[in-house]
Every structure is written in C-alpha cells, then in structure tokens.
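The block underneath contains the structure these notes are about, expressed in structure tokens.
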Amino acid sequence: MPTITERLAPLLAQLGKRTLVMGILNATPDSFYDGGRYTTLEAALARAEQMLAEGADILDIGGESTRPGSDPVPEDEELRRVVPLIEAIHIRHPNAILSVDTTKSRVAELALQAGACIVNDISGMTFDPHMPAVVARAGALVVLMHIKGTPKTMQQNPTYHDVVAEVRATLESHTRRALQAGIPREHIWIDPGIGFGKTVAHNLKLLRGLPQLKALGYPVLVGTSRKSFIGHLLGGLPPEERLEGTLATLALAVAWGADVVRVHDVQAAVRAVTIADALCRT
Ligand code: HH2
C-alpha cells in the first residue's frame with residue numbers, strides 16, 4: 001500500500017506546470033449550489049466518476065455546508081455523510097486524489113483512513129485544536145483557508161483596514177502553526193477564502209492581490225465557483241447562472257498566480273484553465 005506522500009507525489013509534480021482542478025462534491029442537503037443532489041451514495045459516486053472522467057485532479061468531498069449563516073453539522077452526521085463515500089470512491093478509483101472538506105479532526109482522521117490524502121480546512125486549522133496533529137500524523141496535505149469569524153457570522157459587516165495584508169498575515173501565521181505541528185512545507189497550500197467574511201470589494205481585491213499571497217511561497221488554491229459576488233456583479237444572477245462569470249475569474253486567477261482552482265463545473269474549468277495555462281505558463 002503506497003503512503004499518502006507517495007500517492008500525492010505525481011500530483012505535486014504538476015504544480016507550476018499547469019493549473020490543478022479540484023472538483024466539488026457536497027454530500028449535503030443544503031450547500032448553496034449542489035445541496036441535495038448527492039445525498040445518496042449512488043448519486044454521489046456517479047458524480048465523482050463524472051468529474052474524474054472530465055479531468056478533475058482532486059475531488060473535494062464535504063459533509064457540511066459553510067454557506068453564510070449556516071450552523072455546524074454534528075460530527076456523527078458529518079461522518080455518516082462523507083466517510084462511506086470516500087471509502088467507496090477510493091475502492092473503485094484507488095489512484096484518485098481525494099480531499100475531505102472539514103474543520104473537525106475526527107472527521108479528517110477517519111476520512112484519511114478511508115482513502116483521502118488532503119484535508120481542506122476552511123478555518124485554517126483553527127476551529128479544532130487537534131487538527132494539526134491529525135494531519136501531521138497521517139502525512140496528509142492541508143489546505144489552509146482564511147475565514148473571518150464563523151460561517152454563521154462571517155457576512156455580518158466584515159471590515160478590514162487592508163484586506164490583502166490582513167489575509168496574508170493570517171495565512172502566514174496558519175502556515176507557521178502547521179510547520180510547528182510537523183506538517184512538511186510541501187504539504188501546505190493556502191487559500192484566501194473568497195466569500196468567507198468578505199464583501200464584493202474585498203473579494204475583488206483579494207483576487208487582484210493573489211501575487212502578494214503567492215509571495216508567501218506556498219501553492220495557492222482559489223475557490224470562486226458560482227459564489228455570490230459573481231451574482232452581484234451580474235445584476236443579481238442566481239448560482240445556476242454564474243458559470244461564465246466563474247470562468248472569467250478562473251482565467252484571471254491563473255494569470256495572477258493560482259495553482260489550484262476549486263470548482264463545481266469540472267469540464268468547463270479544465271477547458272478554461274488549459275487556455276489560461278497556454279497563455280500564462282511559458
Ligand atoms: N468554498 C466553499 C467550501 N469550501 N474550501 C476552500 N479551500 N476554498 C473555498 O473557497 C471553499 C471551500 C463554499 O463552496 P461550496 O462547497 O460549494 O458550498 P457550501 O459551503 O454551501 O457547501
């Protein structure tokens with residue numbers, strides 16, 4: 001059985017050469033776009049296979065919606081939603097790189113045992129004090145995202161003096177804690193957390209400021225897929241009508257230094273970043 005480090009190596013070798021695409025699979029009843037679509041194992045498995053066929057480099061499996069105003073899901077329920085699904089995908093596709101989107105260390109631990117290699121933690125490992133040790137012990141990769149507050153409260157008038165500098169400083173401190181816990185540098189990615197305690201203007205500044213986040217020296221993941229700032233900029237379009245806006249953000253995110261994009265629409269995103277890569281990565 002290859003270790004997690006060995007399983008991640010071919011993926012990490014691609015960083016910088018092309019943009020990696022992380023496909024979103026929410027096994028939740030209430031996610032803002034795909035909620036309720038993949039709540040049975042059969043439906044979720046079929047979606048996973050479709051995204052792999054469309055060229056997803058990573059599948060990010062979540063069992064808790066973190067949309068603005070949402071409440072946490074009890075640990076038992078989150079485990080029930082994600083662990084059997086990760087196990088089922090891993091058995092059928094042992095080479096697929098699976099990520100678990102969670103802030104709970106117990107969920108991360110069991111997901112890693114079931115076949116995940118990546119922990120995508122929207123709190124940057126701040127909501128659960130045991131998370132750094134769990135990631136380090138498993139040899140997993142961690143995505144450290146920036147959030148201001150909690151999903152419940154984050155959109156209640158978020159304010160920053162200098163959003164890019166503040167997000168950068170917080171992410172730097174998250175990376176320091178990860179290193180101190182024994183997570184190797186090569187297993188740390190950072191993410192500005194588009195939409196997590198940010199106004200439309202903050203999101204735009206953060207996207208334009210990606211080069212300043214890149215300067216921290218870690219791969220940068222960007223998640224804009226169908227988010228509300230795109231709907232706002234297009235005069236109030238609902239999530240179902242935000243694909244073109246999403247693709248525009250992906251192309252520019254690549255130009256500004258994104259290494260990984262987290263998306264609902266894998267085929268469209270692979271096509272968009274292939275063109276952006278041809279233009280930007282020489
Ligand atoms: N966005 C969402 C969830 N997890 N993780 C990272 N690293 N970056 C993101 O931008 C990010 C994330 C929100 O999107 P989604 O999963 O589609 O919605 P919900 O939270 O409602 O399940």
Side-chain angles (χ1 to χ4, degrees), residues 20-39 44 47 51 56-73 77-78 81-82 85 97-104 107-108 111 116 118-127 131 135 140-148 150-152 154-155 167 170-171 174-175 178 188-198 202-203 206-207 210 213 218-231 238-240 242-243 246 249-250 253 258-266 269:
L20 301 181
V21 174
M22 173 187 260
I24 302 169
L25 180 51
N26 285 315
T28 58
D30 55 349
S31 286
F32 81 92
Y33 175 62
D34 61 351
R37 297 187 200 188
Y38 311 116
T39 49
R47 179 65 181 156
M51 289 197 286
D57 296 292
I58 305 162
L59 299 181
D60 188 38
I61 294 135
E64 176 177 85
S65 171
T66 49
R67 71 190 185 287
S70 59
D71 286 309
V73 170
E77 176 60 17
E78 197 179 331
R81 291 179 186 174
V82 299
L85 175 57
I97 300 293
L98 307 181
S99 159
V100 61
D101 186 350
T102 189
T103 60
K104 299 185 183 76
V107 175
I118 298 176
V119 176
N120 174 26
D121 186 335
I122 60 129
S123 78
M125 303 200 295
T126 63
F127 287 179
M131 188 65 103
V135 173
L141 187 150
V142 69
V143 181
L144 299 170
M145 199 196 80
H146 176 274
I147 182 171
K148 193 175 180 83
T150 65
K152 184 86 186 161
M154 63 191 181
Q155 289 310 106
V167 167
T170 303
L171 289 175
H174 291 345
T175 61
I188 299 172
W189 293 354
I190 56 173
D191 180 340
I194 298 298
F196 285 84
K198 282 104 186 175
H202 293 144
N203 290 320
L206 280 169
L207 286 171
L210 284 182
L213 302 183
Y218 295 89
V220 174
L221 184 150
V222 176
T224 53
S225 191
R226 296 183 181 269
K227 285 189 177 166
S228 69
F229 79 102
I230 295 171
E240 296 69 36
R242 297 176 188 163
L243 176 59
T246 298
T249 66
L250 298 186
D259 295 283
V260 189
V261 293
R262 180 181 180 277
V263 295
H264 299 95
D265 307 275
V266 170

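Start at 1 and go down the list; that is how both ligands and their atoms are numbered.
A salt bridge is absent between R81 and E64; no separation between the charged side-chain nitrogens and carboxylate oxygens falls under 4.0 Å.
Of the N or O atoms in D34, none lie within a sub-3.5 Å distance of an N or O in ligand 1. Ligand 1 has no N or O atom lying under 3.5 Å from any N or O atom of E64, backbone or side chain. Polar contact with ligand 1: absent for D30 (N/O pair, distance under 3.5 Å).
Counting only heavy atoms of the protein, atom 9 (C) of ligand 1 lies nearest to K227 NZ, 3.5 Å. Counting protein heavy atoms only, atom 14 (O) of ligand 1 is closest to R262 NH1, 3.4 Å. F32 CD2, 3.3 Å is the protein heavy atom nearest to atom 18 (O) of ligand 1. The protein heavy-atom contact nearest to atom 8 (N) of ligand 1 is D191 OD2, 2.6 Å. Atom 5 (N) of ligand 1 has its closest protein heavy atom at N120 ND2, 3.0 Å. At the shortest separation from atom 21 (O) of ligand 1 among protein heavy atoms lies S65 OG, 2.8 Å. Remark: minimum distance from atom 4 (N) of ligand 1 to any protein heavy atom is reached at D101 OD2, 3.0 Å. H264 NE2, 2.8 Å is the protein heavy atom nearest to atom 17 (O) of ligand 1.
Contacts of M145 with ligand 1, taken as heavy-atom pairs under 4.0 Å, involve the side chain alone. Under 4.0 angstrom from ligand 1, there are no non-hydrogen atoms of R226. Neither the backbone nor the side chain of D60 comes within 4.0 Å of ligand 1, counting heavy atoms alone.
Within the 4.0 Å heavy-atom shell around ligand 1 one does not find Y33. Ligand 1 has I122 within reach: a non-hydrogen atom of the residue lies less than 4.0 Å from it.
With K198 contributing its side chain and G193 its backbone, the two residues share a donor-acceptor pair below 3.5 Å.
In summary, of the residues considered (N26, I97, N120, L221), a side chain to side chain contact (heavy atoms under 4.5 Å, CB included) with D60 occurs for N120 alone. Between R262 and the choices I24, I194, V21, D191, the side chain to side chain contact (heavy atoms under 4.5 Å, CB included) rule is met once, by I24.
Side-chain contact between T224 and F229: present, with at least one pair of heavy atoms (C-beta onward) separated by less than 4.5 Å.
The ring of F32 has its center closer than 6.0 angstrom to the ring center of H264.
Side-chain N/O atoms of T28 and S31 include a donor and acceptor closer than 3.5 Å.
A distance of 9.5 Å separates OG1 in T175 from CE in M125, rounded to the nearest 0.5 Å. For the atom pair T39 OG1 and D34 CG, the distance stands at 10.5 Å (nearest 0.5 Å).
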